[in-house]
Participant: 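Structure provided below as structure tokens; questions to follow.
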Amino acid sequence: MQNTIWDPQHECMPRDEIEQLQLERLQATLNRVYKNVTCYRTKFNERGIVPEDITSLSDLAKLPFTTKEDLRLNYPYGMFAVPLREVVRIHSSSGTTGKPTVVGYTKNDLKIWSNLVARFMTAAGVTPDDVVQIAFGYGLFTGAFGLHYGSETIGAAVIPMSGGNTDKQIMIMQDYKSTVLVCTPSYAINIADRIEKQGIDPKTLSLKVGLFGGEPWSEAMRREIESRLSLSATDNYGLSEVIGPGVAGECRCKCGMHISEDGFIPEIINPETCEVLPPGSVGELVLTTISKEAFPMIRYRTRDITRLDYGVCECGRTTVRMKKTMGRSDDMLIIKGVNVFPSQIEEVLVAIEGCEPHYQLVVDRKGAMDTLEVSIEVTEHIFFDEMKKQRAFLEMVEKKIDTVLGVGVTVKLVEPNSLPRNEGKANRVIDRRQL
């Protein structure tokens, strides 16, 4: 299969050359974080490690992990490896305790990021002749900006449409002749539903490629999107803490997402024992950045479950491929592309008088869109209150949760002791989505 390759030098390197480059860049990164990031210097010193001890890629396993907790404890700028005057962009992701994860980029980081996104967009079939409609929300999240600058780096025209306003999205698709759609897979289905209701034949649109990320989706969902929007749908992977979109993306073979190994060293670990697993094993993905200046991450635990395939792809790229994520090793949910932790909701409820410390989250998919219902036990006084007061209380709780999560929820008030109790770990989440 013929595939245009954005950066043949790095995407088609022989394995021994990839590993040599990774080792050189890893050693430079370790020196930088040891010198400039107190958190890493402390962690290394606790283990009796100095950067010079890492002389092979197998030595990576000697280094400590980085977790979201480290980022929370060093909020906002404690993990930065350069002075703030060298940082030209600040993004953030949702945090587990109301505090977001703050990430920074130097000018060179932005250039590298744009090129990494250009790689997976080119692999999916995007060219300078394309018109890219970005229906991710623009803001502190990295998604929209990553794809925006990647598109411009390729030389494609960008429509920074942002999320929502589906009827206008469709009008612009028709009038501006958009050829590439960027959004979450569930929003792509939502657009397809609206196109059908309007009686539009998707073949009359100019769409040819879809780049869908931000949430897990299945092969069945891919087939549905492709048939209903008449395009080629590809998956991509990234997370704000590591760089944003650009860590990995599918080529047109659609047999796993190529990881840009000149920028990241992937490992698969057993999430329980933390031991590194052999190639081909299913486990938690751990990523080390080796080209970032402002915000390097050493052995960052993504909590995403996947496996790696080191075989050479039909497209000619030699970089390792990661399979679609199969779940999480923690309790994080992804709702409409937003990271949601039950602990965030718990913190809101604990602070509200009248709410009991018992709740349950029910995640479902109505049509194409994710929904989140929060059942909350409330005191008898609240539960049996007059309807008007109960409605006001319910709306207040919904608003507070919405403010923290950044995603709308439906709140259901239930009687005390009506939710199931479990011995040991509480079963807080019921996920009914059929992915």
Participant: Identify whether the distance between the nearest side-chain nitrogen and carboxylate oxygen of Arg299 and Glu267 falls below 4.0 Å.
Facilitator: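 Yes, this pair counts.
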
Participant: Return all side-chain donor-acceptor pairs below 3.5 angstrom for residues 128-142, not counting sequence neighbours, or 'none' if the list is empty.
Facilitator:
| residue | atom | partner | partner atom | Å |
| --- | --- | --- | --- | --- |
| Asp130 | OD1 | Thr179 | OG1 | 2.7 |
| Asp130 | OD1 | Lys208 | NZ | 3.4 |
| Asp130 | OD2 | Thr127 | N | 2.8 |
| Asp130 | OD2 | Thr127 | OG1 | 3.4 |
| Asp130 | OD2 | Lys208 | NZ | 3.4 |
| Gln133 | OE1 | Ser178 | OG | 2.6 |
| Gln133 | NE2 | Gln169 | O | 3.1 |
| Gln133 | NE2 | Gln169 | OE1 | 2.8 |
| Tyr138 | OH | His148 | ND1 | 2.8 |
| Thr142 | OG1 | Ser240 | OG | 3.3 |

Participant: Do NZ/NE/NH1/NH2 and the carboxylate oxygens of Arg72 and Glu69 come within less than 4.0 Å?
Facilitator: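 Yes, this pair counts.
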
Participant: Run the ring-ring contact (aromatic ring centres under 6.0 Å, His included) test against Tyr187 and tell me which residues pass, sequence neighbours left out.
Facilitator: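 Counting only residues at least two positions away or on another chain, Tyr187 forms no ring-ring contact (aromatic ring centres under 6.0 Å, His included).
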
Participant: Is the backbone N or O of Asp7 less than 3.5 Å from a side-chain atom of Arg119, with the two atoms forming a donor-acceptor pair by type?
Facilitator: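 The answer is no, because no donor-acceptor pair under 3.5 Å joins these two groups.
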
Participant: Find the distance between CG (Asp304) and CD1 (Ile334) and round it off to the nearest 0.5 Å.
Facilitator: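 Here the interatomic distance stands at 6.5 Å.
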
Participant: Tell me if a side-chain donor or acceptor on Tyr40 pairs with a main-chain N or O of Ile298 at a distance below 3.5 Å.
Facilitator: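 Yes; at least one donor-acceptor contact below 3.5 Å.
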
Participant: Using side-chain heavy atoms (C-beta onward) and a distance below 4.5 Å, is Thr122 in contact with Ile5?
Facilitator: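 No, too far: nothing below the 4.5 Å cut-off.
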
Participant: Which pairs pass ring-ring contact (aromatic ring centres under 6.0 Å, His included) with one or both residues in residues 292-330, sequence neighbours excluded?
Facilitator: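 Listed by first then second residue: Phe80-Phe295.
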
Participant: Whether the Glu250 and Thr234 side chains hold a donor-acceptor pair (N or O, under 3.5 Å, no angle test) is what I'd like checked.
Facilitator: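 Looking only at side-chain atoms, Thr234 and Glu250 do not form any donor-acceptor pair under 3.5 Å.
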
Participant: Considering only residues two or more places apart or on different chains, which pairs with a residue in residues 157-185 satisfy salt bridge (charged side-chain N to carboxylate O under 4.0 Å, His left out)?
Facilitator: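 Those involving residues 157-185 are Asp167-Arg194.
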
Participant: Has Arg41 got a side-chain atom pairing as donor or acceptor with Lys35's backbone, closer than 3.5 angstrom?
Facilitator: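 It does hold such a pair.
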
Participant: Applying salt bridge (charged side-chain N to carboxylate O under 4.0 Å, His left out) to Glu219 and Arg222, what does each step give before you reach the verdict?
Facilitator: CA-CA 5 Å; Glu219 288 299 323; Arg222 189 207 301 270; 2.9 Å; yes

Participant: Does any part of the side chain of Glu17, heavy atoms only, come nearer than 4.5 Å to the side chain of Leu21, both counted from C-beta?
Facilitator: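 They are not in side-chain contact.
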
Participant: Which salt bridge (charged side-chain N to carboxylate O under 4.0 Å, His left out) pairs, counting each pair once, include a residue from residues 21-33, with sequence neighbours left out?
Facilitator: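 Output for this query lists Arg25-Asp262.
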
Participant: Would you give the length of the straight line joining atom CD1 of Ile345 to atom CD1 of Ile376, rounded to the nearest 0.5 angstrom?
Facilitator: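 Rounded to the nearest 0.5 Å, the CD1-CD1 separation comes to 8.5 Å.
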
Participant: Distance from Asp235 atom CG to Phe212 atom CZ, nearest 0.5 Å?
Facilitator: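 Asp235 atom CG to Phe212 atom CZ measures 10.5 Å (nearest 0.5 Å).
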
Participant: Counting only pairs under 3.5 Å, give me each side-chain donor-acceptor contact of residues 397-410, with atom names and distances, residues two or more places apart or in other chains.
Facilitator:
| residue | atom | partner | partner atom | Å |
| --- | --- | --- | --- | --- |
| Glu398 | OE2 | Val411 | N | 2.9 |
| Thr403 | OG1 | Lys399 | O | 2.8 |

Participant: Quick test of your reading: applying salt bridge (charged side-chain N to carboxylate O under 4.0 Å, His left out), list the pairs with at least one residue in residues 42-54, sequence neighbours left out, ordered by first then second residue.
Facilitator: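 Checked against salt bridge (charged side-chain N to carboxylate O under 4.0 Å, His left out) - neighbours excluded - the pairs reaching residues 42-54 are Lys43-Asp70.
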
Participant: Does Ile243 offer a backbone N or O that forms a donor-acceptor pair with the side chain of Tyr105 under 3.5 Å?
Facilitator: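 A pair under 3.5 Å: yes.
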
Participant: Is the backbone of Ile269 close enough, under 3.5 Å, to the side chain of Glu284 for a donor and an acceptor to pair up by distance?
Facilitator: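 No, because the side chain of Glu284 does not come within donor-acceptor range (under 3.5 Å) of the backbone of Ile269.
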
Participant: Is there a donor-acceptor contact under 3.5 Å from the side chain of Lys336 to the main chain of Met369?
Facilitator: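 No, Lys336 side chain to Met369 backbone: no donor-acceptor pair under 3.5 Å.
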
Participant: Are the side chain of Arg321 and the backbone N or O of Cys255 linked by a donor-acceptor pair below 3.5 Å?
Facilitator: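 Yes, the answer is positive, given that a donor and an acceptor are paired below the 3.5 Å cut-off.
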
Participant: Distance from Met297 atom CE to Thr67 atom OG1, nearest 0.5 Å?
Facilitator: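 One gets 9.5 Å once the value is rounded to the nearest 0.5 Å.
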
Participant: List the atom of Trp113, the atom of Gly146, and the distance in Å for their closest heavy-atom pair.
Facilitator: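 Trp113 and Gly146 have their closest heavy atoms at CZ2-CA, 3.4 Å.
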
Participant: Do side-chain atoms of Gln27 reach the backbone of Ile54 as a donor and acceptor pair under 3.5 angstrom?
Facilitator: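 Yes; judged by distance alone, with no hydrogens or angles, the pair exists.
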
Participant: Could you list the residues that satisfy side chain to side chain contact (heavy atoms under 4.5 Å, CB included) with Val88, not counting sequence neighbours?
Facilitator: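 In terms of side chain to side chain contact (heavy atoms under 4.5 Å, CB included), with neighbours along the sequence ignored, Val88 is linked to Lys107, Leu110.
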
Participant: Which residues satisfy the side-chain hydrogen bond (donor to acceptor under 3.5 Å, both in side chains) test with Ser58, sequence neighbours excluded?
Facilitator: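 Expected list: Ser56.
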
Participant: If you take all heavy atoms of Leu71 and Glu241, which pair is closest and at what distance?
Facilitator: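 Here Leu71 and Glu241 meet closest at CD1-CG, 3.5 Å.
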
Participant: Between Asp431 and Arg433, does the salt bridge (charged side-chain N to carboxylate O under 4.0 Å, His left out) criterion hold? Intermediate values first, please.
Facilitator: CA-CA 6 Å; Asp431 195 339; Arg433 291 175 293 186; 2.8 Å; yes

Participant: Could you tell me whether the side chains of Ser186 and Asn190 share a donor-acceptor contact shorter than 3.5 Å?
Facilitator: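 Looking only at side-chain atoms, Asn190 and Ser186 do not form any donor-acceptor pair under 3.5 Å.
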
Participant: Quick one, Glu314 with Arg252, criterion salt bridge (charged side-chain N to carboxylate O under 4.0 Å, His left out). Give me CA distance, side-chain angles, the key distance, then yes/no.
Facilitator: CA-CA 10 Å; Glu314 269 183 58; Arg252 285 182 281 185; over 6 Å; no

Participant: Over all heavy atoms of both residues, which pair between Ala61 and Val276 is shortest? Give the atoms and the distance, please.
Facilitator: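 The pair with the smallest heavy-atom distance is CB-CG2, 4.1 Å.
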
Participant: Is any side-chain heavy atom of Val247 closer than 4.5 Å to a side-chain heavy atom of Ser260?
Facilitator: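 Not in contact.
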
Participant: Taking all non-hydrogen atoms of both residues, which atom of Thr4 and which atom of Arg317 are closest, and how far apart?
Facilitator: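 Closest heavy-atom pair between Thr4 and Arg317: O-NH2, 3.2 Å.
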
Participant: Taking all non-hydrogen atoms of both residues, which atom of Asn31 and which atom of Pro51 are closest, and how far apart?
Facilitator: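 Minimum heavy-atom separation between Asn31 and Pro51: OD1-CB, 3.4 Å.
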
Participant: Among residues at least two apart in sequence or on other chains, which ones pass salt bridge (charged side-chain N to carboxylate O under 4.0 Å, His left out) with Asp364?
Facilitator: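 Salt bridge (charged side-chain N to carboxylate O under 4.0 Å, His left out) list for Asp364, sorted by chain: empty.
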
Participant: Hey, could you give me the OG/CG distance between Ser232 and Leu207, rounded to the nearest 0.5 Å?
Facilitator: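 The distance works out to 11.5 Å.
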
Participant: Using a strict threshold of under 4.0 Å (side-chain N to carboxylate O), is an ion pair present between Arg228 and Glu196?
Facilitator: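 Salt bridge present between Glu196 and Arg228.
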
Participant: If you look at every heavy atom in Pro271 and Arg301, which pair is closest and at what distance?
Facilitator: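 In this case the closest contact between Pro271 and Arg301 is O-NH2, 3.3 Å.
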
Participant: Please determine, by modelled atom types, if Thr106 and Asp109 share a side-chain donor-acceptor pair under 3.5 angstrom.
Facilitator: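 Short answer, yes.
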
Participant: Enumerate the ring-ring contact (aromatic ring centres under 6.0 Å, His included) contacts for residues 223-275, please, sequence neighbours excluded, ordered by first and then second residue.
Facilitator: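 ring-ring contact (aromatic ring centres under 6.0 Å, His included) check on residues 223-275 returns no pairs.
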
Participant: Identify, with sequence neighbours excluded, every residue that meets side chain to side chain contact (heavy atoms under 4.5 Å, CB included) alongside Ile268.
Facilitator: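 Ile268: side chain to side chain contact (heavy atoms under 4.5 Å, CB included) contacts with Leu277, Leu285, Thr306, Leu308.
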
Participant: Check the orientation of Phe44 and Tyr34. Use parallel for under 30°, tilted for 30 to 60°, and perpendicular for over 60°.
Facilitator: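 Rings of Phe44 and Tyr34: parallel, as their planes differ by under 30°.
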
Participant: Find the distance between CG (Asp370) and CG (Leu333) and round it off to the nearest 0.5 Å.
Facilitator: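 Result: 9.5 Å between the selected atoms.
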
